[in-house]
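Here's the structure, in structure tokens; my notes come after.
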2 protein chains.
Amino acid sequence: MSPNEGPKTLRNVAERAGVSVATVSRVLSGSYPVTRHTRQRVLRAVEELDYVANSHARALRGQATESVAFVVNDVRGPSFALVAHGAEEEAARRGRLCLICTTQGHAERELAVVRTMRAQRAGAVILVGGVMDDERYRRRLAEVARSLEASGSRLVLCGRPPIGDGVPATVIEYDNEAGAHAAVSHLLARGHRRIVFVGADPLGTTTATARLAGYRRALHEHGGDADERLVIESDFERDTAHDRIVGSIRGGLAFTAVFAVTDSAAAGALTALNDCGLRVPEDVSLVGYDDVAPATDLRPRLTTVHVPYEELGRAAVRLPLGLREGTISAADQHLVLGTHLVVRESTAPPPPPARS
Amino acid sequence: MSPNEGPKTLRNVAERAGVSVATVSRVLSGSYPVTRHTRQRVLRAVEELDYVANSHARALRGQATESVAFVVNDVRGPSFALVAHGAEEEAARRGRLCLICTTQGHAERELAVVRTMRAQRAGAVILVGGVMDDERYRRRLAEVARSLEASGSRLVLCGRPPIGDGVPATVIEYDNEAGAHAAVSHLLARGHRRIVFVGADPLGTTTATARLAGYRRALHEHGGDADERLVIESDFERDTAHDRIVGSIRGGLAFTAVFAVTDSAAAGALTALNDCGLRVPEDVSLVGYDDVAPATDLRPRLTTVHVPYEELGRAAVRLPLGLREGTISAADQHLVLGTHLVVRESTAPPPPPARS
DNA sequence: CGACGTAGAGAAATCCTTTTCTGCCGTCAC
DNA sequence: GTGACGGCAGAAAAGGATTTCTCTACGTCG
């Protein structure tokens, strides 16, 4: 009805209630003594004008709760979605807003995004996921961490190793290497000897490197070293893994088990095996990594390494905010969460050696 | 090295460069004439102090680009993730920040979140997903729409029907009913007659209602009406659908095809059918809805209705911002995107009638 | 040589809220 | 009856950036 032009301000409310802006502010903050009569008049004016305080002005004055910025490669990835959920949940619990940005894996864009977040005076800037383990990039990141710290913000690395001593950053990791070790040990215990690792990354993404290291350690502890022909390069995507596995089988590679670097890659591997007439787990056992959506949709359901992604997200908010509030010490800003193997139906003992 | 306490301000830069704050601002905005010499001095000071403008102060002055708020039930849902990705992409393309909030389906929390977004002066507030089709809720939402409009913001309903004429809101829908109609028509054309619909919602979620309506219309156009025993109540989740299907089969329900309200429900239905010794598609055909991650992970791969979720997200940002910029008219603030059936391997003609 | 015009830079107002700092008035005690 | 004190509310400053207004100085033209 009324031609309400633009948002209302404290002044509008004050005029309507016939008091000063200071009084309105005091009524709304609630922490100052105000006469019952005045309070009611103000509250009615607020109601009638449908007033909502401008959070930018409030932030400027230093009173608003800072937001939390969440920088992710791609929201569509199931593991990213889990981390985002955990982070958002924890942020909401504390009354913080959650900003989200995607980088599509571009380091340049990541730096640009962090700059924007610094302008926003976000309480924490959370970088999620593994990256190229590149020396130059690490140096730039260390610089970013210091910039953020100087701006009163905090850099959080989530699911990614620390960048160095003396760099002010909170780090939430999970034990990638141990998870891979457990997965491969499981296959070894069941009697497998020729175990393919699909997902070796020549570019050296931290996640892929750590999982491959776990694979190698398990084999090494078991007495043999890896046959390098069994280590197959691939990214984390299903189609790539599919094509690489098909190619390897066509090339005559012999194996009885596949350990895939991610569940997505495992999904691709499963299709590839089936395409080549191999059954899982009767002919070939299959293990994935992440324990995300595909794992229970596949048939057979996938044996995989569970990663506590939601807890990762929660910790990525809890730790830096706790540091600001003084409830969590600087020494506790590095957290390593455990992983564990979930055994489902995609693993079995190897078939007896064919005799033809 | 230097004990840089707190973030830098324009004044710090101005002092270091030996000019006024106005000059610094002008150099940074770039739209005013400044001497080459002065500009260089200012830029060097900015560089040295690692200055980043406070976006709250900028927003207060009315100069900052508004952010886009994205309110979603649960980021983990694959369709929500797709919409979020589309929206974030479009927002980033326009240099807007993306705020994200989850409501866990609570109407109360949704309203609280919208209030926060109003305080943030977000350019658009995007509500994603279907809701209970409740008259009281719709009235409150209409009120919210008007409040937002008065605050200079815009309510966007994404994947949800309009709430009424005269309510200032942008609506991005997709044709739920037509998609369901296409899916069921496909089954009918293949010769199926007894087609189960799993996912009828007694609470009347808009999405479920529309999909059920498409199911009914297809049957009706084909000459027969639905056998109400074939319409099975369930929510959108896989486990619920699984249990309901198992229960129905145990109860002696006879059918040759299942149309599930979502791909997740279809995943549950597939497991249920397999558990009962029924093969897909030889014994029973199966169709899902959404065309999200599970659809291609399942075996057989799922025939399903494709929904352009990413485009939905992009439009949810494009339309309201276009309205503000004057490039998209108020008449074009209601968009209905098409859906189409994707035929994969989960559908086949029904088996010949058993004669035992 | 003087006057006018213009470019470049500083001073100050503005955006909206919070928070001191003041000031008023009423009450209580001496 | 007067002085002191306390409670409540208004005035004003602060917070950081933008923008209008204003002023100075220089260059050019008559």
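Letters go in sequence order (proteins before strands), and every chain restarts at 1.
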Response to the item:
Nearest heavy-atom contact between Ala17(B) and Arg41(B) is O-NH2, 2.6 Å

Item to complete: Salt-bridge test for Arg94(A) and Glu66(A): reply yes if a basic N is under 4.0 Å from a carboxylate O, no otherwise.
Response: no

Discussion item. Classify Val34(A) by what it touches in the nucleic acid, base, sugar-phosphate, or nothing, heavy-atom distance under 4.0 Å.
Written reply: sugar-phosphate

Worksheet item: Hey, does Ser25(B) reach any base, or is it just sugar-phosphate, or nothing, if we go heavy atoms under 4.0 Å?
Response: base

Discussion item. I'd like to know whether CD of Glu47(B) has more than 12 heavy-atom contacts from other residues, nucleotides or ligands below 6.0 angstrom.
Written reply: no

Practice prompt. Rounding to 10 degrees, work out the angle separating the end axes of the helix from dC1(C)-dG30(D) to dC30(C)-dG1(D) (five pairs an end).
Written response: 60°

Side-chain donor-acceptor pairs of residues 81-88 of chain B under 3.5 Å, sequence neighbours excluded:
{"residue": "His85(B)", "atom": "ND1", "partner": "Glu310(B)", "partner atom": "OE1", "Å": "3.4"}
{"residue": "His85(B)", "atom": "NE2", "partner": "Arg76(A)", "partner atom": "NH2", "Å": "3.4"}
{"residue": "His85(B)", "atom": "NE2", "partner": "Gln104(A)", "partner atom": "NE2", "Å": "3.4"}
{"residue": "Glu88(B)", "atom": "OE1", "partner": "Thr102(A)", "partner atom": "OG1", "Å": "2.6"}
{"residue": "Glu88(B)", "atom": "OE2", "partner": "Thr102(A)", "partner atom": "N", "Å": "3.1"}

Worksheet item: Which part of the nucleic acid, if any, lies within contact of Ser29(A), taking any heavy atom under 4.0 Å across all strands shown: a base, the sugar-phosphate backbone alone, or nothing?
Response: nothing

Fill in: Closest-nucleotide 5' rank along DNA chain D - winner of Arg11(B) and Arg26(A)
Arg26(A)

Item to complete: Output yes when a side-chain donor or acceptor of Ser147(A) lies under 3.5 Å from a complementary backbone atom of Glu143(A), and no otherwise.
Response: yes

Worksheet, complete the sentence: So the salt bridge (Lys or Arg N to Asp or Glu O under 4.0 Å) pairs with at least one residue in residues 16-34 of chain A (sequence neighbours excluded) are Arg16(A)-Glu48(A)

Item to complete: Inspect the contact between Arg146(A) and Glu149(A) and indicate whether a charged nitrogen and a carboxylate oxygen are less than 4.0 angstrom apart.
Response: no

Worksheet item: Where does the chain B footprint on DNA chain C start and end, counting 5' to 3' with a 4.0 Å heavy-atom cut-off?
Response: dG8(C) to dC16(C)

Worksheet item: Could you give all pairs that pass the ring pair (Phe, Tyr, Trp, His ring centres under 6.0 Å) test and reach residues 104-144 of chain B, with sequence neighbours left out?
Response: none

Item to complete: Step by step, work out the side chain to side chain donor-acceptor pair (under 3.5 Å) result for Thr206(B) and Arg160(B).
Response: CA-CA 7 Å; Thr206(B) 52; Arg160(B) 177 189 301 202; over 6 Å; no

Worksheet item: Taking the nucleotide of DNA chain D with the closest heavy atom to each, which residue, Ala57(B) or Ala22(B), is nearer the 5' end?
Response: Ala57(B)

Item to complete: Determine, for Arg314(A) against Glu89(A), whether the closest basic-nitrogen to carboxylate-oxygen distance falls under 4.0 angstrom.
Response: yes

Worksheet item: When all nucleic acid strands are considered with a 4.0 Å heavy-atom cut-off, which category describes Arg61(B): base, sugar-phosphate, or nothing?
Response: base

Worksheet item: Between which nucleotides of DNA chain D, 5' to 3', does chain B make heavy-atom contacts below 4.0 Å?
Response: dG16(D) to dT20(D)

Worksheet item: Does the pair Arg11(B)/Glu15(B) count as a salt bridge with the N-to-O cut at 4.0 Å?
Response: yes

